[in-house]
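Below is one structure, written out as structure tokens, with a few remarks after it.
All values below were derived from every heavy atom in this structure, side-chain atoms included, with hydrogens, water molecules and symmetry-related copies excluded.
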Amino acid sequence: KASLEPSSLFARRPTRVLMPPGRTSAAGMRVAVSVIVSSVFLTFAAPVGAGTLVRAWFSQGDQLRYGVRDLDRGGPLVPAALRSLLAGPTAPESRGGAHTAFARGTRLLGFRRTGSALTIQLDSRFHTQTAGSSAAVKPARLGLRVLQIGRTLQQFASLRRFRISVSGQLVTAYPDL
């Protein structure tokens, strides 16, 4: 039985580098956040104050790496971060070796927050191996999906737990991580 070892997935964290202070001190200047992906710097620039930077976590080899997303302040951040995770890595991140464990087209149908717990409602593609297949997802891939969600949600300090509902049914069995 395949299983994931969390210690190997989190052994090394990517490095974030900010531009020199002189380039970011004035309001309206652009801030660049770089993430090392497969020894390549990917730079994502966003106007200061234009939105909120969040991380979406993707697999690269046997580790998880994050991509930085600039989200509009107009809506709730948690579902926006989950949607960016489900959308997958950007083209530059993919060229750097990042990929997602989610079947293409997996959708966030809704979410419900109760205190520090979040219930995430996903469509049936969460349980399929790939978008074009009806085959059930393999345990290792399902475990990686759960890890991607967990790491993406970890940046929100007020959340302590999450659970997943697929097509209205609460997921009660998870693979060994």
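In plain terms, the two heavy atoms of Gly96 and Gln60 that are nearest each other are O-NE2, 3.4 Å. A pairwise comparison of heavy atoms in His127 and Arg145 identifies N-NH1, 4.2 Å as the closest pair. Minimum interatomic distance between Gly150 and Phe162 (heavy atoms only, all atoms of both residues): CA-CE2, 3.6 Å. Contact record, Ala81 with Val54: CB-CG2, 4.2 Å, taken as the closest heavy-atom pair.
Contacts of Ala80 classified as side-chain contact (heavy atoms from CB on, under 4.5 Å), with partners at least two apart in sequence or in another chain: Leu71. Evaluation of the side-chain hydrogen bond (donor to acceptor under 3.5 Å, both in side chains) rule for Ser59 yields His99 as partners, not counting sequence neighbours. Residues forming a side-chain contact (heavy atoms from CB on, under 4.5 Å) with Thr100 (at least two apart in sequence, or on another chain): Phe58, Pro89, Phe102, Gln148. Legend: residues meeting salt bridge (charged side-chain N to carboxylate O under 4.0 Å, His left out) with Arg83, ordered by chain and number and at least two apart, are absent.
With Gln155 contributing its side chain and Thr152 its backbone, the two residues share a donor-acceptor pair below 3.5 Å. Listed for the Arg125 side chain is no donor-acceptor partner under 3.5 Å among the backbone atoms of Leu122. Counting only distance, with no hydrogens or angles, the side chain of Trp57 and the backbone of Arg151 share a donor-acceptor pair below 3.5 Å.
The NZ atom of Lys138 sits 13.5 Å away from the CG atom of Leu144 when rounded to the nearest 0.5 Å. From Thr52, atom OG1 reaches atom CG of Asp70 across 7.5 Å, with rounding to the nearest 0.5 Å.
Proximity of Val78 to Leu118: side-chain heavy atoms (C-beta onward) are separated by under 4.5 Å at one or more points. The shortest side-chain heavy-atom distance between Phe126 and Ile149 falls under the 4.5 Å cut-off. The shortest distance between side-chain heavy atoms of Thr128 and Val137 does not fall below 4.5 Å.
Sorted by first and then second residue, the pairs that involve residues 112-123 and meet salt bridge (charged side-chain N to carboxylate O under 4.0 Å, His left out), not counting sequence neighbours, are Arg107-Asp123.
For the pair Arg55 and Glu93, the salt-bridge criterion is not met [side-chain N within less than 4.0 Å of a carboxylate O].
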- Trace of the side chain to side chain contact (heavy atoms under 4.5 Å, CB included) decision for Leu82 with Leu153: CA-CA 8 Å; Leu82 288 170; Leu153 292 176; 4.0 Å; yes

- Apply the test side chain to side chain contact (heavy atoms under 4.5 Å, CB included) to residues Arg69 and Thr90: give CA-CA distance (whole Å), side-chain angles for both, the deciding distance (0.1 Å), then the verdict. CA-CA 10 Å; Arg69 305 289 186 267; Thr90 63; 3.9 Å; yes

Side chains of residues 163-172: which donor-acceptor pairs under 3.5 Å do they make with residues two or more places apart or in other chains?
residue: Arg163; atom: NE; partner: Thr119; partner atom: OG1; Å: 2.9
residue: Ser167; atom: OG; partner: Ser124; partner atom: N; Å: 3.3

